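Hydrogens, waters and symmetry mates play no part in the numbers below; they use all other heavy atoms, side chains included. We name chains A, B, ... by the order of the sequence lines, and we start the count at 1 in each one. Predicted model only: the values in this text are computed from it and were never measured.
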2 protein chains.
Amino acid sequence: MALFLSTYVNKLDKKGRISVPSGFRSALAGQSFQGVVLFKSQKHAALEGFPMSYMEDISERLDHFDLFSDEQDDLATTIFAQSVQLPLDGDGRIILPSDLIDFAGLGEQASFVGLGHKFQIWAPEKLEARKAEAMSAVKDKSMTIPKNNKADKGRA
Amino acid sequence: MALFLSTYVNKLDKKGRISVPSGFRSALAGQSFQGVVLFKSQKHAALEGFPMSYMEDISERLDHFDLFSDEQDDLATTIFAQSVQLPLDGDGRIILPSDLIDFAGLGEQASFVGLGHKFQIWAPEKLEARKAEAMSAVKDKSMTIPKNNKADKGRA
DNA sequence: TGGATATATATGGTATATCATGGAATTTCA
DNA sequence: TGAAATTCCATGATATACCATATATATCCA
């Protein structure tokens, strides 16, 4: 599997430890860094999750700005400074830092939400509201998915 | 790890000694010079930090200016002439020169801020405001991350 | 088809290694 | 020979690796 798909609810233990769903782990196969990168969502009380390769990609793209430019500085501070790198332990778990647990309002459980090349982590209660909201937005605005532009294929 | 990620707060002792976060040290693995290069930021009361290999990259960028042009001369003087090379000691620490400590306004603690290929060192109090500023700038100006231009690949 | 056995995943607990930090000892250089 | 810088060592806190169990899923054989 190359994509993060569907939703899984797993338990968070006292030490902040939680299993990454097996399907998500296989999406990470072949990565140089066996683990995930997380940061606080700008829009929701949730965490954004990426594979390391995606962060490296972002870093390269930021190099297209002038060094020390406002854009490079602001974007890098917003993205990289706030992100944490969490390695998988031998059993496929990660340890969530307590400030991220607080930010997302996680209790005994957390939902892993697959979103293709990235995923999110939510408190299960809050996720329900979010899903309803997303579905009604798609419906009301009759949203559709754009054509795939082949010329663009290199980077999603 | 190939990138400088997240923010770590470490202690500065009386001799100006401070631990480089372990994650940052592994980003330096494989470098010919085991240590970092620091210089004063032009925009902030903070220090800019790079691995030695990246300084060569900066040097290449300066080659885009004409030799002996004002720009090249000024930038080179600002960056290269001011930078200090700090080796890691046996325990992964560096010693900050006192003028850099004063410039950044560091007290008992200092924050290492990961920004991808580079990092910054801040007084923790000042960093909070900076992060808020960066986040609102990204939001207000609707900054986005440029697509990766493959034609550019040779030099990022 | 049914039962039994294997495989993989999620989860809980414990032992071990690493890291950050403070201080002392030794070296270097003026 | 004195001051500064570098190296070395000790320690508590924290994070990492390890092991054990349970639950579910898949496989195999009779």
Measure the distance from [atom1] on [X] to [atom2] on [N] and round it to the nearest whole Å.
X: Arg25(B); N: dA15(D); atom1: CZ; atom2: P; value: 15 Å
X: Glu108(B); N: dA20(C); atom1: CD; atom2: P; value: 18 Å
X: Leu96(A); N: dT16(D); atom1: CG; atom2: C1'; value: 16 Å
X: Phe24(B); N: dT18(C); atom1: CZ; atom2: P; value: 21 Å
X: Asn10(A); N: dG12(C); atom1: CG; atom2: C1'; value: 14 Å
X: Ile18(A); N: dT11(C); atom1: CD1; atom2: P; value: 7 Å

Taking only the side-chain nitrogens and oxygens of [X], find out if one of them lies under 4.0 Å from OP1 or OP2 of [N].
X: Ser22(B); N: dC19(C); result: yes
X: Lys11(B); N: dG22(C); result: yes
X: Lys14(B); N: dG22(C); result: no

Rounded to the nearest 0.5 Å, what's the gap from [atom1] on [X] to [atom2] on [Y]? Could you check?
X: Met135(B); Y: Gln42(A); atom1: CE; atom2: CD; result: 4.0 Å
X: Thr78(A); Y: Lys40(A); atom1: OG1; atom2: NZ; result: 13.0 Å
X: Ile58(B); Y: Lys118(B); atom1: CD1; atom2: NZ; result: 8.5 Å

Verdict with reasoning, Phe119(B) to Phe80(A), per side chain to side chain contact (heavy atoms under 4.5 Å, CB included): CA-CA 10 Å; Phe119(B) 64 91; Phe80(A) 293 114; over 6 Å; no
Side chains of residues 90-98 of chain B: which donor-acceptor pairs under 3.5 Å do they make with residues two or more places apart or in other chains?
{"residue": "Asp91(B)", "atom": "OD2", "partner": "Arg93(B)", "partner atom": "NH2", "Å": "3.4"}

Between Phe24(A) and Phe4(A), ring centroids under 6.0 Å: yes
Any side-chain heavy-atom pair of Leu100(A) and Ile121(A) under 4.5 Å: no
Sugar-phosphate, base or nothing in reach of Val9(A), heavy atoms under 4.0 Å: nothing
Given dC19(C), dG12(C), dT9(C), the nucleotide with the shortest approach to the side chain of Asp13(A): dG12(C)
Where protein sits on nucleotides 5-11 of chain D, one letter per nucleotide: B base, S sugar-phosphate only, - none, heavy atoms under 4.0 Å: --BBB--
